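Right, one structure below, let's go through it.
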There are 2 protein chains.
Amino acid sequence: MSEVNLPVASFSPLYEQIKVMILASLQAAEWLPGAVIPSEMELAARYAVSQGTVRKAIDELAAQNLLVRRQGKGTFVATHQEDDWQYRFLRLAPDSGEKFLLTSQFLSCLKAKASSHIANLLKLKAGDTVIQIDRVQSFAGKPIVFEEIWLPATRFKDLDLDALNAWHGPVYALYESQFATHMVRAEEKIKAISADGVLAGHLQIAAGSPLLSVERVAFTYGNKPVEIRHARYDTSEQHYENKLN
Amino acid sequence: MSEVNLPVASFSPLYEQIKVMILASLQAAEWLPGAVIPSEMELAARYAVSQGTVRKAIDELAAQNLLVRRQGKGTFVATHQEDDWQYRFLRLAPDSGEKFLLTSQFLSCLKAKASSHIANLLKLKAGDTVIQIDRVQSFAGKPIVFEEIWLPATRFKDLDLDALNAWHGPVYALYESQFATHMVRAEEKIKAISADGVLAGHLQIAAGSPLLSVERVAFTYGNKPVEIRHARYDTSEQHYENKLN
DNA sequence: GAGTGGTCTAGACCACTAC
DNA sequence: TAGTGGTCTAGACCACTCC
């Protein structure tokens, strides 16, 4: 009666614990985006479990897009610097169905005090410094997207307009290569709004035109929010696509 | 040299073939939504494979929300008639964060010839008969959603306004219980639009107000499209939520 | 206690990639 | 040919549900 007093704490299978350890290695940047992680056999030896248990852990991390398995080659840390990942988080598509290549123009990149709203979303203290970026993206010469981006200044130190203009490729790839920050997932809140004068100017449309307002919070490893983005899409000739499963 | 002439056809693992067979049973309504399917051991015997192989097949079907595993009880066919599935495909949420209970009012339910656009999406012939339903959904007395729904008349024979009004619960649960049609997944295309006079009337807002236009195609087993829905959301006090993984 | 899904193991063999 | 991930098996044992 006395020796057993089992914790009510819920049962945690071995492979969950292995997932946590692999996650820790990812978070600690022991394995960098794009790099191979040790083989299943090596990991099984390291953690002193069977290959099958490691497999199950890796399977689930791969299902969450944190790892990518490649038969015959190995298992790799997911990265936004891959061709097929360029548009991972972009749900906008032309109505016509053709491919679309957006060109990006950065308007400004400034340091500022975080508003309470932004501080809240980024889990900073009110008044902490953030970097604020404005940009416009165009398709076939027509501006389609106006975006405001907020980043914590500590993590993205030294990011400025020159660095942004020098970079060619997705912003998330830049975050990875310059600031060791890999985006894992994001949440968006979407509304319909009317274009005010400023937006109308940026997007070359009439004031009052309907626009899609997309507020995004993007997270790195460990559910840490590290980017806020408020985008407005001109959806007159493109739409936001979503799959419900 | 002569006896071997391997098909270039790609290799298909056993568990994939089992998935296909289970899928066939679902599609043939051998196991109905909400019902238990045979145990892993029974299926292993039926298909003459090991339990592990059946497990893998079921795992993947469960990941696609076609089956639901319940430890100690069995594996069940997914159904929209479950409490936690009521809002499976509804991404609209109040800005305030509170729960929300929508009340539904059906305006009309008529038979008509399919437009080429609708026929196309439903994979019908132009001119085939469809059922067209209009409805408004309200939150706290305020109309929030106006929806037009198109269904193939053959599959949804006898659906009329009385049947809709008599039903209390999600429309997808009605499809299941009355028409043996379970919705598996859906695709949505979202745009921002301006309310015209008709929409303004339905939603009790000013003409010209921005609205979210959501065009949905919903599919049953076998990727068969069986419902088209064109909804307009008033997003002044609620938003469309999306998770990007 | 019997039955279900869930975990873990060990080992054999297959498919794919690289050298 | 060696090394990686992918498949399949068989069996032991655990966790949960229901009777």
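Note that the structure is a prediction, hence the values are computed from the model and not measured. Order of the sequence lines fixes the chain letters, A, B, ..., with proteins taken first and strands second; residue numbering starts at 1 for each chain.
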Please report the distance, rounded to the nearest Å, between [atom1] in [X] and [atom2] in [N].
{"X": "B:M41", "N": "C:dG3", "atom1": "CE", "atom2": "P", "result": "11 Å"}
{"X": "B:I37", "N": "C:dG3", "atom1": "CD1", "atom2": "C1'", "result": "15 Å"}
{"X": "A:L43", "N": "D:dG5", "atom1": "CG", "atom2": "C1'", "result": "12 Å"}
{"X": "B:E60", "N": "C:dG5", "atom1": "CD", "atom2": "P", "result": "17 Å"}
{"X": "B:L67", "N": "C:dG6", "atom1": "CG", "atom2": "P", "result": "11 Å"}
{"X": "B:R70", "N": "D:dA15", "atom1": "CZ", "atom2": "C1'", "result": "17 Å"}
{"X": "B:E42", "N": "C:dT4", "atom1": "CD", "atom2": "P", "result": "6 Å"}
{"X": "B:I58", "N": "C:dT4", "atom1": "CD1", "atom2": "P", "result": "12 Å"}

Next item on the list: Pull out every stem in DNA chain D, meaning runs of 3 or more consecutive Watson-Crick or G-U wobble pairs with both distances under 3.5 Å.
Entry: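 Stem segments, range with range: C:1-18 with D:1-18.
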Check: Which heavy atom in B:C109 sits nearest to a heavy atom in B:D160, and how many Å separate them?
Finding: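 Shortest heavy-atom separation between B:C109 and B:D160 comes out as SG-CA, 3.6 Å.
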Notebook entry, point to check: Which of these, B:R55, B:R69, B:K19, sits in a salt bridge (charged side-chain N to carboxylate O under 4.0 Å, His left out) with B:E60?
Noted result: B:K19
Check: Any chance CD of B:E237 has more than 12 other-residue heavy atoms, nucleotides or ligands included, within less than 6.0 Å?
Finding: no
Pairwise N/O distances under 3.5 Å, protein to nucleotides 17-19 of chain C:
none

Check: Is a donor on one side and an acceptor on the other found under 3.5 Å between the side chain of B:E176 and the backbone of B:H80?
Finding: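 At least one qualifying donor-acceptor pair exists.
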Notebook entry, point to check: Does the side chain of B:Q178 reach to within under 4.5 Å of the side chain of B:F156, using non-hydrogen atoms?
Noted result: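 Not in contact.
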Indicate whether the side chain of [X] and that of [Y] have a donor and an acceptor atom separated by less than 3.5 Å.
{"X": "B:Y240", "Y": "A:N242", "result": "yes"}
{"X": "B:Q81", "Y": "B:S177", "result": "no"}
{"X": "B:Y172", "Y": "B:E227", "result": "yes"}

Checklist line | Check ion pair B:R216-B:E188 (N to O, under 4.0 angstrom) | finding: yes
Checklist line | Electrostatic pair B:R135:B:E147 at N-O distance under 4.0 angstrom | finding: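 Judged by the 4.0 Å cut-off on N to carboxylate O distance, B:R135 and B:E147 do form a salt bridge.
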Next item on the list: Taking only the side-chain nitrogens and oxygens of B:R69, find out if one of them lies under 4.0 Å from OP1 or OP2 of C:dG6.
Entry: yes
Item checked: Cation-pi, A:F76 ring and A:R70 (6.0 angstrom, 45 degrees) ->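 Yes, a cation-pi geometry holds between A:R70 and A:F76.
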Polar atoms only, N or O, under 3.5 Å: list the protein pairs with nucleotides 7-10 of chain C and their distances.
unit_1, atom_1, unit_2, atom_2, d
C:dT7, OP1, A:Y15, OH, 2.6
C:dT7, OP2, A:K56, NZ, 3.4
C:dC8, OP1, A:L14, N, 2.2
C:dC8, OP2, A:L14, N, 3.3
C:dC8, OP2, A:Y15, N, 3.1
C:dT9, OP2, A:S50, N, 2.9
C:dT9, OP2, A:S50, OG, 2.8
C:dT9, OP2, A:T53, OG1, 2.4

